[in-house]
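Down below is the structure, laid out as structure tokens.
None of these values were measured; they are calculated from a predicted model.
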Amino acid sequence: MNILKILDKLSDDTLFSKTFSRTENLNHISSIGKKAAITAIPLGMGSMLAAETKNENSADSTYFKKDALTDALQLALVLEYLEDEYYKIGLNTLSLIPTADRTVFMQISKHENAHVNFLKTTLTSLGVTPGAKPTFDFTAGGSFTPFTNYSQFLTLAQAFEDTGVRAYKGQAGNVMSNKTVLQAALQIHSVEARHASMVRRMRANKGWIELANGGNMPPATNPVYAGEDLTVQAGFNTATAFGNAAGSASFDEILTGTDAQAIASLFIV
């Protein structure tokens, strides 16, 4: 079934500037080595990919596996688990989300839940046991309070969505050889990009990213936007034609799997 049909059916920020160990770790994420990021395999692809997939021991309970394809799928699942639970908690927290905004987050929540089910089904079809949902701590050890402060809830939501968009994009080169896989990955990626743009506008930000500035975001989220100030694309200097800000905003950059994993790990117990 086309993933779009599945989706249709399921149709005070100052705290972040505090100095603490997790923030220090986050600020060093961009220096971590590069590895494969995220992909999404369409339902029913198991028989086509099984021969190319190294079989993993189903007893392996680690969240981030090391087999190339399995690592990508399991990492994607962890990121979707994170977003799915975040929005569920937010929606179930009384008086957190204003009535006018609830419809938006209810729809986003349905999408994230669809992505979780999609990835779990795909992993199962490949003969791989989907990773169990981690135990999340969205306060990052008590440093954040997203479920008592709506401004912080929106800020973290933007950081999570922008992370997901860049991470999915990072797999384009890895799935181009299979048009079916590429299509499925792009279908999920585009939905995540719409989420990111919507949340950014709800925070009175532009829907796109200029330079390495997330837009009214605390320093702790800088790794989410590291590298977005690139202005040279395939030898073409966009800054010369459009200026630094507009040039960098014309092309969104990837986020590697290692970087996305490190960001997500800050919220995993």
Side-chain angles (χ1 to χ4, degrees), residues 12-18 22-23 26-27 29-30 37-38 76 78-91 93 96-98 100-112 115 136-140 143-170 188-229 245 248-249 252-255 259-268:
D12 155 348
D13 291 340
T14 56
L15 185 58
F16 284 85
S17 63
K18 288 187 177 180
R22 286 176 181 249
T23 298
L26 188 59
N27 287 332
I29 288 174
S30 59
I38 299 171
V78 169
L79 292 176
E80 297 294 354
Y81 274 144
L82 182 149
E83 292 180 323
D84 182 41
E85 181 159 328
Y86 185 71
Y87 294 122
K88 283 180 177 176
I89 295 176
L91 287 166
T93 301
L96 174 65
I97 302 176
D101 293 350
R102 283 188 63 84
T103 300
V104 171
F105 284 110
M106 287 174 66
Q107 191 61 47
I108 291 177
S109 180
K110 290 178 181 179
H111 293 170
E112 305 302 1
H115 295 166
F136 293 108
D137 173 17
F138 294 107
T139 73
S143 301
F144 307 148
T145 57
F147 303 123
T148 58
N149 184 319
Y150 185 55
S151 178
Q152 284 194 28
F153 177 82
L154 287 174
T155 299
L156 266 188
Q158 179 184 316
F160 291 154
E161 295 294 347
D162 282 341
T163 294
V165 171
R166 294 187 66 191
Y168 269 103
K169 189 184 295 98
I188 293 179
H189 162 70
S190 63
V191 172
E192 294 291 343
R194 295 176 197 276
H195 293 173
S197 182
M198 183 64 191
V199 174
R200 292 175 63 82
R201 295 306 294 267
M202 292 172 77
R203 296 189 64 249
N205 278 331
K206 296 176 180 177
W208 55 86
I209 301 171
E210 293 180 344
L211 302 174
N213 183 353
N216 191 30
M217 292 290 277
T221 65
N222 286 349
V224 174
Y225 305 99
E228 287 281 20
D229 53 352
S248 68
D252 206 8
E253 303 304 321
I254 70 166
L255 191 68
D259 292 347
Q261 174 182 323
I263 292 172
S265 293
L266 296 176
F267 299 93
I268 295 176

Non-neighbouring partners of Y81 that pass ring pair (Phe, Tyr, Trp, His ring centres under 6.0 Å), sequence neighbours left out: none

For F160, give me all partners under ring pair (Phe, Tyr, Trp, His ring centres under 6.0 Å), at least two apart in sequence or on another chain. Y86, F267

I'd like to know if the side chain of [X] and the backbone of [Y] have a donor-acceptor N/O pair within less than 3.5 Å.
X    : Y    : value
D229 : A212 : no
T221 : M217 : no
N213 : E210 : no

Charged N-O contact under 4.0 Å between R166 and E228: yes

Are side-chain heavy atoms of [X] and [Y] found at a separation under 4.5 Å?
X    : Y    : value
T155 : P218 : yes
D101 : Y150 : yes
T148 : T93  : no
I209 : R200 : yes
V199 : I108 : yes

Nearest heavy-atom neighbours spanning [X] and [Y]:
X    : Y    : result
L79  : A264 : CD2-CB, 3.7 Å
G90  : F147 : N-CE2, 3.9 Å
N216 : R203 : O-NH2, 2.7 Å
N205 : G215 : ND2-O, 2.6 Å
A167 : A260 : CB-CB, 3.9 Å

Out of curiosity, [X] [atom1] to [Y] [atom2], how far, rounded to the nearest 0.5 Å?
X    : Y    : atom1 : atom2 : answer
L211 : S248 : CG    : OG    : 4.0 Å
D84  : F136 : CG    : CZ    : 9.0 Å
I268 : L82  : CD1   : CG    : 7.0 Å
S190 : K169 : OG    : NZ    : 11.5 Å

Examine the side chains of [X] and [Y] and answer whether a donor and an acceptor come within less than 3.5 Å of each other.
X    : Y    : value
E83  : H195 : no
Y225 : D162 : yes
E192 : H111 : no

Side chain to side chain contact (heavy atoms under 4.5 Å, CB included) partner of I97, the single match among T103, L154, V104, L91: L91

Let's go through T139 and T145 carefully: what are the C-alpha distance in whole Å and the side-chain angles of both, what is the deciding distance for side chain to side chain contact (heavy atoms under 4.5 Å, CB included) to 0.1 Å, and is it a yes or a no? CA-CA 6 Å; T139 73; T145 57; 5.8 Å; no

Start with the C-alpha distance between R194 and H189, add both sets of side-chain angles, then the distance that settles side chain to side chain contact (heavy atoms under 4.5 Å, CB included), and finish with yes or no. CA-CA 9 Å; R194 295 176 197 276; H189 162 70; over 6 Å; no

Apply the ring pair (Phe, Tyr, Trp, His ring centres under 6.0 Å) test between F153 and each candidate in F138, F144, F105; give the one that qualifies. F105

